[in-house]
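To start, the structure under review is shown below, and the notes come after it.
Worth saying up front: this structure is predicted, and the values here are computed from it rather than measured. Chain letters run A, B, ... following the sequence lines, proteins first, then strands; residues in each count from 1.
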2 protein chains.
Amino acid sequence: MHVCEVFKMAVTIKDVAARAGVNPSTVSRVLAESPLISEETKEKVRMAIKELGYHPNAIARSLAMSSSRTIGLVISRPTEQAFANPFFPEVIRGIGTVLEREGYHLMLEMASDAESEGRTTLQMLKSRRVDGVILTSSRIGDSLISRLIGDDLPFVLIGRPIGKEYQEVDPVLWVDNDNVQVGYVATEHLILNGRKDIAMVDGPKDLVVSYDRLCGYRKAMHRYGREIREEFLINVPFTEEGGIQAAEHFIKSGRMPNAIFAADDSIALGAIMRLKEQGITVPDDVAVVGVNDSPIGRVARPSLTTMSVEIFDMGVRAAEMLIERINDRDTPSYHVVFPSELIVRESSTALKAE
Amino acid sequence: MHVCEVFKMAVTIKDVAARAGVNPSTVSRVLAESPLISEETKEKVRMAIKELGYHPNAIARSLAMSSSRTIGLVISRPTEQAFANPFFPEVIRGIGTVLEREGYHLMLEMASDAESEGRTTLQMLKSRRVDGVILTSSRIGDSLISRLIGDDLPFVLIGRPIGKEYQEVDPVLWVDNDNVQVGYVATEHLILNGRKDIAMVDGPKDLVVSYDRLCGYRKAMHRYGREIREEFLINVPFTEEGGIQAAEHFIKSGRMPNAIFAADDSIALGAIMRLKEQGITVPDDVAVVGVNDSPIGRVARPSLTTMSVEIFDMGVRAAEMLIERINDRDTPSYHVVFPSELIVRESSTALKAE
DNA sequence: CTGAAAGCGCTTACAG
DNA sequence: CTGAAAGCGCTTACAG
């Protein structure tokens, strides 16, 4: 049978009701699979829906139910160089699988800095365009978090929160990998590899992830009685460009470490590129370890030693936690920490005879 | 002054109206910057908005205006291995800059195959969750396109459309790079490089992009009087894994080409990895050219010769075209084609003495 | 099991 | 320049 295409003006629940000879509320109940409605009536209504080619208006439903069944994700561009870094695609894939399963939708916003990130986030939530948000770049002492808590808006953090004075903050929902462990294990690996001067090229100072990875680096250095030299501590953006900057810094300073722990694979790869140009060999002259196990690190030459991070799973978990919270505002806050593993490849091998 | 936080129950336009001593419609007009309202009244209303911490409900507005100011992007996962391929992040960045400028929002959906892609797309549109969509994987004879046209739903294609019988289809909005040229230039480069047996590892057969790149390959081969050997034509997914498969195919067959034009950098990189394992040297034994100028190809060893593709700009243009169409359904259809450039790197150098 | 009514929070002719 | 009313297309107590 032909689907009726006569109505160019969107067919509504009223049209369906008229066609089926019932009240609009009955149609609504059929749509909602209400067990109250008789099978007979349901059939009539479904018939009418088919014939008219009816599609429920999700916006109207959202308004009536005051829920958009949509969650927001805001990506702050320069911080993580947005998509350049493989972190985002992965986390979105993880989030997406949960949303698909739960019948939720994803609204994606880009922000150019912390300020616009905050504004955008609040705006999405308060305009009710989304029922909750996932935040991906925890900053130290982020005021956004307290605003969200204050307004009782559902959110979950990917990246643990810490306050301005580096203290714990009010309990919120978050997932993260153990970045202190990440820093520790990576640094320890370089130490055990026999490296003397181990530099750390960290991400932007205001990010918690940078803070934590540095913390792990410090721990390992202390544990093995190594002196931490300020000249070997440097902060750059989470990009290849950042890594290039870092390498340049060491080259110009005339003090070249013989190992670099980079807080991110992109940084590590950029640094390696620049070192190569300078005729400095990795790993012979300088060993390098990154973080994230990005695909690019696997094929690079030398292939990159790195710390695995369960990005996909963090996305999954974050989405699940957010939906739980949306469905019940009173669920207690908790967090989930994922373990990381050292993946040794060419960029940190050789040398070992200490 | 303290923002009033007493109302936990979302403050509405009515509350603002009451506070300002005006009618809700007046508040609405102030929000819309209507020139009809007196400056005095506007001030009063703005005051009230501030005091109450009012945020307009975007859902209600969408319903009233029957426009969500949101556009949809559906990413079909396995086809392009979604985000694994750097194409998507780039295109989203491009789209995002336009949407931000125009005050639109982005809804992202993942689909697992062509069928679910179609269903999801129609569903977003018909439920009025989005005002239009950008489609990213043009398939040959895609029935979705005619449905969208039939229902007069706004959309733009990234990737030119062609019909089941490889004929042109009804005019629609699309942007693309010139994939025939891409195939031609890449293949010609290998020919001029002195390569004898040039294989093409193409993407999935049902995608227009695969068809076009193959077409360019054929053209170049004919132009230079080369015979096209069916055994050197193979289709794989747009992933590293696909490239590995392709290399394996050539290895097993015992007929190794001495050049490979891969329809995508990921394929090219996968193939190179596998060839290396086999002790086959790139570019000495086999030259390889990819497409997309992905960051990973720049740092790989050997670095990858590739065709640049203006992915970011295609995203920008697509978003602009879609918004134009949403604002005026009667704009004529047209398309924009972006040029590509050959970027020669290590994977296709050496050998040339023919 | 079903209907009539009110409501979700806006916008926009229509009057004045 | 501003207000009162109807409408956008749903859902959901409340009756019966």
Side-chain angles (χ1 to χ4, degrees), chain A residues 7-46 48-49 52-70 103 123 125-131, chain B residues 7-46 48-49 52-70 103 123 125-131:
Chain A
F7 303 85
K8 270 304 165 198
M9 290 289 55
V11 7
T12 74
I13 208 171
K14 269 186 178 170
D15 303 317
V16 175
R19 178 90 174 204
V22 299
N23 189 281
S25 53
T26 301
V27 176
S28 175
R29 291 188 185 104
V30 173
L31 256 18
E33 307 276 11
S34 162
L36 299 174
I37 307 293
S38 73
E39 214 26 73
E40 194 187 4
T41 307
K42 279 184 178 168
E43 240 357 279
K44 260 196 321 198
V45 170
R46 288 194 187 117
I49 288 176
L52 298 176
Y54 169 72
H55 283 261
N57 182 315
I59 301 293
R61 177 178 294 173
S62 292
L63 181 58
M65 303 184 63
S66 50
S67 153
S68 60
R69 283 196 89 79
T70 300
Q123 149 71 26
L125 252 1
K126 297 212 164 181
S127 69
R128 314 307 307 264
R129 231 182 264 279
V130 300
D131 295 339
Chain B
F7 303 84
K8 270 303 165 200
M9 289 291 51
V11 6
T12 75
I13 208 170
K14 269 187 180 170
D15 304 316
V16 174
R19 177 90 173 205
V22 299
N23 189 281
S25 53
T26 301
V27 176
S28 175
R29 291 189 184 103
V30 173
L31 255 18
E33 306 278 12
S34 162
L36 299 173
I37 307 292
S38 73
E39 214 26 74
E40 194 187 4
T41 307
K42 279 185 178 169
E43 240 355 282
K44 260 194 324 196
V45 171
R46 290 199 185 109
I49 288 177
L52 297 177
Y54 168 71
H55 283 261
N57 181 317
I59 300 292
R61 176 179 292 174
S62 292
L63 182 59
M65 303 185 64
S66 50
S67 153
S68 59
R69 284 195 89 77
T70 300
Q123 149 71 24
L125 252 1
K126 299 213 162 180
S127 69
R128 315 307 305 263
R129 231 182 263 277
V130 300
D131 295 339

Pair pattern of DNA chain C in dot-bracket, where unpaired bases get dots and | marks partners in another strand, Watson-Crick or G-U under 3.5 angstrom:
|||.||||||||.|||

Which pairs of donor and acceptor atoms, one on a side chain in residues 53-60 of chain A, lie under 3.5 Å apart (sequence neighbours left out)?
{"from": "A:Asn57", "atom 1": "OD1", "to": "A:Ile59", "atom 2": "N", "distance (Å)": "2.8"}
{"from": "A:Asn57", "atom 1": "OD1", "to": "A:Ala60", "atom 2": "N", "distance (Å)": "2.9"}

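- The salt bridge (charged side-chain N to carboxylate O under 4.0 Å, His left out) search around B:Glu40 returns none, not counting sequence neighbours.
- Here B:Ser25 pairs with B:Asn23 under the side-chain hydrogen bond (donor to acceptor under 3.5 Å, both in side chains) rule; sequence neighbours left out.
- The distance from atom CZ of B:Arg129 to atom C1' of D:dC8 is 17 Å, rounded to the nearest whole Å.
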Which parts of nucleotides 9-16 of chain C does protein reach within less than 4.0 Å, heavy atoms only, written one letter per nucleotide 5' to 3' as B for base, S for sugar-phosphate only and - for none?
BBBBBB--

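- Remark: A:Thr70 pairs with no residue by the side-chain hydrogen bond (donor to acceptor under 3.5 Å, both in side chains) rule, at least two apart or across chains.
- Across B:Ile37 and B:Thr26, no two heavy atoms sit closer than the pair CD1-CG2, 4.1 Å.
- When heavy atoms are screened at a 4.0 angstrom cut-off, A:Ser62 is found touching no nucleic acid atom at all.
- Where B:Ser66 and B:Thr41 each meet DNA chain D at their nearest nucleotide, the meeting point lying more 5' is that of B:Thr41.
- With sequence neighbours left out, B:Ser38 forms a side-chain hydrogen bond (donor to acceptor under 3.5 Å, both in side chains) with B:Thr41.
- For A:Lys14, the side-chain contact (heavy atoms from CB on, under 4.5 Å) criterion is met by A:Thr12, A:Pro24, not counting sequence neighbours.
- Legend: residues meeting side-chain contact (heavy atoms from CB on, under 4.5 Å) with A:Ser66, ordered by chain and number and at least two apart, are absent.
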